[in-house]
Amino acid sequence: MNEFRSVPSVVGVAVLRSHVMRLLFDDGVVRDIQYVPGHVQGSLVKALDDPDYFAQVKVDPEAGTVVWPNGLDLAPEVLHGDYEPTDDLGFQDVSPARQTA
């Protein structure tokens with residue numbers, strides 16, 4: 001039997017502190033994700049080293065994930081914790097425990 005599993009969508013984001021955001025997903029899962037400044041050089045991610053720029057994160061409801069003004073977006077299924085990222089961009093889960101809203 002083929003089981004269809006939809007890709008989770010980010011429906012809310014809040015910046016908790018410098019380089020840490022809390023994400024709310026459409027299935028009720030809540031995760032805290034931290035960006036480690038200086039981890040990546042020469043990419044769209046580098047702009048996130050500036051905490052004021054990082055804080056400009058917003059939800060793109062059409063893409064179902066978070067985006068920044070330079071067009072950087074992140075895979076919602078990786079943010080949700082369903083898959084490991086193919087590239088280490090300096091984001092890590094710092095949730096106290098897997099939470100639901």
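FYI, side chains are in, hydrogens and waters are out, and symmetry mates aren't considered; it's all heavy atoms of this structure.
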(request) Determine, step by step, whether H39 and D49 satisfy the side chain to side chain donor-acceptor pair (under 3.5 Å) criterion, reporting the C-alpha distance in whole Å, the side-chain angles of both residues, the deciding distance to 0.1 Å, and the verdict. (result) CA-CA 9 Å; H39 192 79; D49 286 1; over 6 Å; no

(message) Would V57 and V15 count as a side chain to side chain contact (heavy atoms under 4.5 Å, CB included) here? Give the steps.
(response) CA-CA 8 Å; V57 65; V15 176; 3.7 Å; yes

Where do [X] and [Y] come nearest, in terms of heavy atoms and distance?
X: V11; Y: V59; value: C-CG2, 4.1 Å
X: P8; Y: F25; value: CB-CD2, 4.0 Å
X: A47; Y: N70; value: CB-ND2, 3.9 Å
X: S95; Y: D32; value: OG-N, 2.7 Å
X: G38; Y: K46; value: CA-NZ, 4.5 Å

Is [Y] close to [X] at the side-chain level, that is, under 4.5 Å between some pair of heavy atoms?
X: K58; Y: V67; result: yes
X: L16; Y: M21; result: no
X: Y53; Y: P69; result: yes

Looking only at atom types and distance, does a side-chain atom of [X] sit under 3.5 Å from a main-chain N or O of [Y], one as donor and one as acceptor?
X: S18; Y: P51; answer: no
X: W68; Y: L48; answer: no
X: T65; Y: L74; answer: yes
X: D26; Y: S9; answer: yes
X: R31; Y: D93; answer: no

(request) Give the intermediate values and the outcome of side chain to side chain contact (heavy atoms under 4.5 Å, CB included) for residues L79 and V66. (result) CA-CA 9 Å; L79 292 170; V66 292; 4.0 Å; yes

(request) Kindly determine whether I33 and V20 satisfy side chain to side chain contact (heavy atoms under 4.5 Å, CB included), including the steps that lead there. (result) CA-CA 6 Å; I33 305 294; V20 178; over 6 Å; no

(message) Can you classify the ring geometry of Y35 versus H19 as parallel (below 30°), tilted (30 to 60°) or perpendicular (above 60°)?
(response) tilted

(request) Look up atom CD in E77 and atom CD in E84, then write down how far apart they are to the nearest 0.5 Å. (result) 12.5 Å

(request) Give the intermediate values and the outcome of side chain to side chain contact (heavy atoms under 4.5 Å, CB included) for residues H80 and V29. (result) CA-CA 8 Å; H80 190 264; V29 169; 3.6 Å; yes

(request) May I ask whether L44 and F91 are part of the same hydrophobic cluster, defined by side-chain heavy atoms of I, L, V, M, F, W, Y residues being less than 4.5 angstrom apart, directly or through others? (result) yes

